[in-house]
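These numbers come from a predicted model, not from an experiment. Order of the sequence lines fixes the chain letters, A, B, ..., with proteins taken first and strands second; residue numbering starts at 1 for each chain.
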2 protein chains.
Amino acid sequence: MTVTLKDIARQVNRSVTTVSRALHDCADVSPETRDLVKYTAAQLGYAPNVVAQRLQKQRTETIGLILPHHGPRLSDPSFGDMLTGVVDAIAGAGLDLLISSAGDVPDETPLYRQRIGSRRVDGFWVVRTRCHDPRIRYLIEQGAAFVACGRVMEAWDFPYVDVDYKHGMRSLVQHLCQLGHRRIAFVTGWSDLTSVHHQRQSFVQSVSELGLDDDPELIVEGEMSQHGGYRAAQVLFSQRQPATAIIASTDLMALGVMSAAQDQGLEVGSDVAVAGFDDIPLAETAHPTLTTVRQPAYQMGQLAGQMLAALAQGRPITRPHVLLEPSLIIRQSTNLDLWL
Amino acid sequence: MTVTLKDIARQVNRSVTTVSRALHDCADVSPETRDLVKYTAAQLGYAPNVVAQRLQKQRTETIGLILPHHGPRLSDPSFGDMLTGVVDAIAGAGLDLLISSAGDVPDETPLYRQRIGSRRVDGFWVVRTRCHDPRIRYLIEQGAAFVACGRVMEAWDFPYVDVDYKHGMRSLVQHLCQLGHRRIAFVTGWSDLTSVHHQRQSFVQSVSELGLDDDPELIVEGEMSQHGGYRAAQVLFSQRQPATAIIASTDLMALGVMSAAQDQGLEVGSDVAVAGFDDIPLAETAHPTLTTVRQPAYQMGQLAGQMLAALAQGRPITRPHVLLEPSLIIRQSTNLDLWL
DNA sequence: TTGTAAGCGTTATCAT
DNA sequence: ATGATAACGCTTACAA
């Protein structure tokens, strides 16, 4: 059925060892043998049994991703982009990506433990870091190979790729301030997430520095989805003194906010300004188009993938700490006069 | 470093064989030995080396997904949902999902060949089938285990999960006809895709049966994304006698169509009706909300995953051909008066 | 230049 | 009830 080294060896009247060496282009095999072996292998349609190779090499050439129970959903566009970046990068290095889901388990460390112990993967890609992330702590303790998309609050040294949310938030608040807004709200996700934490911190600081309204009611936490954004916005609109501008943690939330505003009969971009984070494709085709802080999701994934490949193959990581600068994309949702 | 059977065997003064049997709860091992072995294993933090198990068992317990070069993108929401369904179902059966990308290669069969030959996976999940799909042909020829999300035009017998696009399209055209539309356009994806083919066939037939305008100009092919929908709609709006209703192959395309209409100064839901396929979350929060043919993406993935698990574990597939009925979700984009 | 033998960690077969 | 032995397919000392 399936072709093995033994089959080739029999055919060319050599030992399995010689065949193996010939296929690996070892110097100590005669050119004739090498050519013969390669020819025969090709003809027989030989493909090495990677499982056997892995057992021998004690490497799985596989990167694991355990989807955390607190999201992101595979159906979130920006996460999909990041995933594509990782898949492309590690596939280019001959590695596989193994996806599993944490399900409803609150503590994911046993899953990581299990996959390390059973030598299922060479390293992990960790997404959606939390401020004090037990996964990161565990992986560092174990000396496991991993790359995170996101930082933690502790001053631990581990390879990561992240976005400078503080910078992004600052430029967004400044933009809204310049447009004359004094009362800016922040519709945010679960603040245990490091990204959200940074956004929030920077929001509070920027608002204070610019002397804007710093009413704590203006910060509303919700689920990181359109529905979460929608509901949070409803809360905001029901306040005695509603905000004139709303920033959301993600574009999906921002689209929910826009939706809620429009359902209130408000015109987004004039009656109320709305902005998000990510720059998903929909941001550009929404009506009005959505002002946002663009994050290079694909590139982040790609970088993480390259770092993981280096790690898995024992090469040093050239830049273990990458902080990408996001850029403010001004569109109609904060400035309806804008002609795109 | 890592604990193996040998370590346990040494510790409990038994052979590796006995330890293995004890851990597998074989009947022919004494209760004392069994308990001792299990206790020791737990204490040492033993986890079986899956690579070794796989080499021995000649099974990888892994399902492969090779992302076709013609999409879908990982960032498409409906595909993400389906992927989640597969991951959940497969993980529940103790299997892994291996993702790789076909890159720019026009013919993917070598990739399948390579993964079969190297025994990397036990089976494949095939997505986005084409009318005459070389991947399906190849996998059938090879006798490989796989489940497809989508059918082909040939009368080949293979396990699949698909949606009854024809039915969905018919109900959509009927709905628009009842609203008084005589000139309905279809903004479609690459018609080599079986799903698109079925939609198109049903569109033409429904239009003809209902006696509506069957101008071939009303069918415009474009990229299956918002931009593709946007551009195709621009073509439609520039026609001498524009359509009064536009159906798109996917919700993303439909959102692009809505965008283009709005940029033309048209009011979607009154000046022009727009409808899509999928029912992604954004369909419900778009403005106006989007009429669509709902497809149970997560459920499709889940079913495919269950079938794959059965296949991989040598169990028979109870229902190898599943055709799910989509349902028409009427919203404002075809009927602005509608209060959701 | 080639072959022999051992080993990766596990499971299955056959003795005892 | 337990253990020796072989096997899964491959790589790599070491020997010839």
For A/Arg10, all residues meeting salt bridge (charged side-chain N to carboxylate O under 4.0 Å, His left out), sequence neighbours excluded |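 Residues passing salt bridge (charged side-chain N to carboxylate O under 4.0 Å, His left out) with A/Arg10: A/Asp7.
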Can B/Asp25 and B/Lys38 be counted as an ion pair, charged N to O under 4.0 angstrom?
->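 Counted as a salt bridge, because a side-chain N and a carboxylate O are separated by less than 4.0 Å.
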Could B/Glu154 and B/Arg130 be called an ion pair, given the rule that one side-chain N must be under 4.0 Å from one carboxylate O?
->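 Looking at B/Glu154 and B/Arg130, the cut-off is not met.
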Does any donor atom in the side chain of B/Thr18 or B/Ser15 lie under 3.5 Å from an acceptor atom in the other side chain?
->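 Yes, B/Ser15 and B/Thr18 have a side-chain donor paired with an acceptor closer than 3.5 Å.
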Expressed as a whole number of angstroms, how long is the span from [X]:[atom1] to [N]:[atom2]?
X: B/Leu36; N: D/dA1; atom1: CG; atom2: P; answer: 16 Å
X: B/Asp25; N: D/dA1; atom1: CG; atom2: P; answer: 14 Å
X: B/Arg34; N: D/dT2; atom1: CZ; atom2: C1'; answer: 15 Å
X: B/Leu23; N: C/dT10; atom1: CG; atom2: P; answer: 9 Å
X: B/Arg59; N: C/dT11; atom1: CZ; atom2: C1'; answer: 13 Å

Give one of base, sugar-phosphate or nothing for B/Ser30, where a contact means two heavy atoms less than 4.0 Å apart.
->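 Since only primed, P, OP1 and OP2 atoms lie under 4.0 Å of B/Ser30, the category is sugar-phosphate.
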Counting just side-chain N and O atoms, does A/Thr33 come under 4.0 Å of either OP1 or OP2 of C/dT2?
->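 True: A/Thr33 side-chain N/O within range (under 4.0 Å) of C/dT2 OP1/OP2.
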Is the distance from OP1 or OP2 of C/dT2 to the nearest side-chain N or O of A/Thr18 less than 4.0 Å?
->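 False: A/Thr18 side-chain N/O out of range (4.0 Å or more) of C/dT2 OP1/OP2.
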Which value, rounded to the nearest 0.5 Å, describes the distance between A/Ser30 atom OG and A/Asp35 atom CG?
->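 It comes to 8.5 Å.
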Using modelled atom types only, decide if a donor and an acceptor are shared between the side chain of A/His321 and the backbone of A/Asp157 within a distance under 3.5 Å.
->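 Side chain of A/His321 to backbone of A/Asp157, a donor-acceptor pair under 3.5 Å: no, none is there.
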Output yes when a side-chain donor or acceptor of A/Thr40 lies under 3.5 Å from a complementary backbone atom of A/Leu36, and no otherwise.
->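 Side chain of A/Thr40 to backbone of A/Leu36: a pair is present.
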Among B/Val121, B/Leu65, B/Ile63, which one satisfies side-chain contact (heavy atoms from CB on, under 4.5 Å) with B/Leu98?
->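 That would be B/Val121.
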Would you check if B/Thr129 and B/Phe158 make a side-chain contact, meaning some heavy-atom pair closer than 4.5 Å?
->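 No. Closest side-chain heavy atoms not under 4.5 Å.
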For the helix from C/dT1-D/dA16 to C/dT16-D/dA1, figure out the bend between the end axes, five pairs an end, and round to 10 degrees.
->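 Axis angle across the helix from C/dT1-D/dA16 to C/dT16-D/dA1, nearest 10°: 50°.
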Sugar-phosphate means primed atoms, P, OP1 and OP2; the rest is base. With that split, encode nucleotides 9-16 of chain D 5' to 3' as B, S or - using protein heavy atoms under 4.0 Å.
-> BBBBBB--
